[in-house]
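In what follows, a structure is listed as structure tokens, so that the remarks can point back to it.
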Amino acid sequence: MEIVIKDTYEEMSREAAHEVASLLNMKPNAVLGMATGSTPLAVYRELVRMHREESLDFSQVTTFNLDEYVGLPPNHPQSYHYFMHENFFKHVNIARQNIYIPSGNTRNYRAFCEWYEDRIREAGGIDLQILGIGSDGHIAFNEPTSSLSSRTRLKTLARQTIEDNSRFFANADEVPVYAITMGVGTILDARHLVMVANGLHKAKAIAAAVEGPVTHMITASALQLHPSARVYLDNEAASQLQMREYYDWIAHKRPSAPAY
Ligand code: F6R
């Protein structure tokens, strides 16, 4: 796992966006895994800027989103369908038929989840998966005790997550209790993982995920099992890392590192 610490949220988001852009420059038909929530907003803003100002091309890109609330129609302002459309898809030249987001409104959730996994496989797997982290250490909606080999499925949200996400709703009672989410195993199958986290409220979860033991109590700790994972942090999210000095030392020494 590589830890990249920047002074500000904007700076860390720009770096993460540039990583996505370099993949697209090398592989214009890349398959991207998308996350929602507050954290990746600046990554999407930077990608949109690069699309407008530097002709970053999404015409051959396929995307798969991590999760969706159960029970919200796609046009609900708090649905992840709506979020992705408003904050990203409508601003770039992605083909609508290449966008996949779990359905929060289907009659057969189990069949849908299998279908979603099949679509990911059929697309050749996810090249780069963007991830945020919950204050309880979740990735996607893989709440504590989720199996580290889980696949796309229906999950019951933890009370902590409902409380955290109630800031987007009128009150906590309006937050859906269930979600469709990619599993930890689905996420680990992606060829490269890019996690973004900012703010003091993420510091504890980040320290546990990055430096604690691999455990299903902090599903983000599964990133330690992945051969190619990079975690972008601002100073606040990095504030509880014990090995901070080492991460800074690595960054300082990078320019003189041998080609590898
Ligand atoms: C959203 C998702 C979640 C969020 C996490 C952090 O697609 O997968 O795991 O990344 O809940 O949310 P924010 O960024 O709002 O703090």
Side-chain angles (χ1 to χ4, degrees), residues 9-10 12-13 16-17 32-45 63-70 72 74 76-89 99-104 116 120 126 128-146 148 150-169 172 175-188 190 193-206 208-209 216-223 229 231-234 236-237:
Y9 168 63
E10 281 70 27
M12 60 159 251
S13 304
L32 299 179
M34 313 302 274
T36 55
S38 315
T39 320
L41 279 173
V43 174
Y44 296 147
R45 270 199 299 275
T63 61
F64 288 91
N65 262 79
L66 287 170
D67 41 22
E68 177 58 289
Y69 291 118
V70 163
L72 298 190
H76 188 288
Q78 298 313 331
S79 78
Y80 289 165
H81 280 74
Y82 188 88
F83 174 101
M84 287 309 299
H85 183 70
E86 287 301 307
N87 292 299
F88 188 59
F89 294 141
I99 295 172
Y100 294 89
I101 304 177
S103 172
Y116 201 70
I120 295 175
I126 293 171
L128 184 155
Q129 175 67 58
I130 300 170
L131 296 165
I133 183 170
S135 63
D136 64 359
H138 69 218
I139 43 173
F141 276 138
N142 294 287
E143 300 289 27
T145 71
S146 290
L148 298 187
S150 49
R151 312 301 306 185
T152 303
R153 70 211 183 289
L154 182 90
K155 275 301 283 185
T156 308
L157 299 184
R159 282 183 200 271
Q160 176 71 55
T161 302
I162 291 177
E163 202 175 294
D164 288 348
N165 291 1
S166 65
R167 68 190 192 277
F168 300 112
F169 293 81
V175 183
V177 171
Y178 305 101
I180 299 296
T181 180
M182 275 190 206
V184 181
T186 319
I187 292 168
L188 290 179
L193 304 180
V194 168
M195 172 170 276
V196 282
N198 69 297
L200 282 176
H201 61 301
K202 295 294 174 68
K204 193 167 163 229
I206 282 294
H216 67 169
M217 295 302 285
I218 304 282
T219 53
S221 66
L223 265 69
V231 180
Y232 290 91
L233 305 170
D234 69 352
E236 291 189 343

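First listed ligand is number 1; within each ligand, the first listed atom is number 1.
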Checklist line | Expected output: side-chain Y9 to main-chain T39 donor-acceptor under 3.5 Å | finding: yes
Note to self: Angle between ring planes, Y100 versus F64, binned at 30° and 60°: parallel, tilted or perpendicular?
What the structure shows: parallel
Checklist line | Full working for side-chain contact (heavy atoms from CB on, under 4.5 Å) between H138 and I133 | finding: CA-CA 6 Å; H138 69 218; I133 183 170; 5.9 Å; no
Notebook entry, point to check: Are there more than 12 heavy atoms of other residues, nucleotides or ligands under 6.0 Å from atom OH of Y178?
Noted result: no
For each nitrogen or oxygen atom of ligand 1, which protein N/O atoms lie closer than 3.5 Å, and how far apart are they, rounded to 0.1 Å?
{"from": "ligand 1", "atom 1": "7 (O)", "to": "T36", "atom 2": "N", "distance (Å)": "2.9"}
{"from": "ligand 1", "atom 1": "7 (O)", "to": "T36", "atom 2": "OG1", "distance (Å)": "2.8"}
{"from": "ligand 1", "atom 1": "7 (O)", "to": "D67", "atom 2": "OD1", "distance (Å)": "2.7"}
{"from": "ligand 1", "atom 1": "7 (O)", "to": "D67", "atom 2": "OD2", "distance (Å)": "3.4"}
{"from": "ligand 1", "atom 1": "8 (O)", "to": "D67", "atom 2": "OD2", "distance (Å)": "2.8"}
{"from": "ligand 1", "atom 1": "9 (O)", "to": "H138", "atom 2": "NE2", "distance (Å)": "3.4"}
{"from": "ligand 1", "atom 1": "9 (O)", "to": "A140", "atom 2": "N", "distance (Å)": "3.3"}
{"from": "ligand 1", "atom 1": "9 (O)", "to": "A140", "atom 2": "O", "distance (Å)": "2.7"}
{"from": "ligand 1", "atom 1": "11 (O)", "to": "H138", "atom 2": "NE2", "distance (Å)": "2.7"}
{"from": "ligand 1", "atom 1": "14 (O)", "to": "S38", "atom 2": "N", "distance (Å)": "3.3"}
{"from": "ligand 1", "atom 1": "14 (O)", "to": "T39", "atom 2": "N", "distance (Å)": "2.9"}
{"from": "ligand 1", "atom 1": "14 (O)", "to": "T39", "atom 2": "OG1", "distance (Å)": "2.4"}
{"from": "ligand 1", "atom 1": "15 (O)", "to": "S38", "atom 2": "N", "distance (Å)": "2.8"}
{"from": "ligand 1", "atom 1": "15 (O)", "to": "S38", "atom 2": "OG", "distance (Å)": "3.4"}
{"from": "ligand 1", "atom 1": "15 (O)", "to": "R167", "atom 2": "NH2", "distance (Å)": "3.0"}
{"from": "ligand 1", "atom 1": "16 (O)", "to": "K202", "atom 2": "NZ", "distance (Å)": "2.6"}

Notebook entry, point to check: Residues two or more places apart in sequence or in another chain: which of them pass salt bridge (Lys or Arg N to Asp or Glu O under 4.0 Å) with R45?
Noted result: none
Next item on the list: Determine the sole option in V194, V196, I187, V231 for which the side-chain contact (heavy atoms from CB on, under 4.5 Å) test with L131 is passed.
Entry: I187
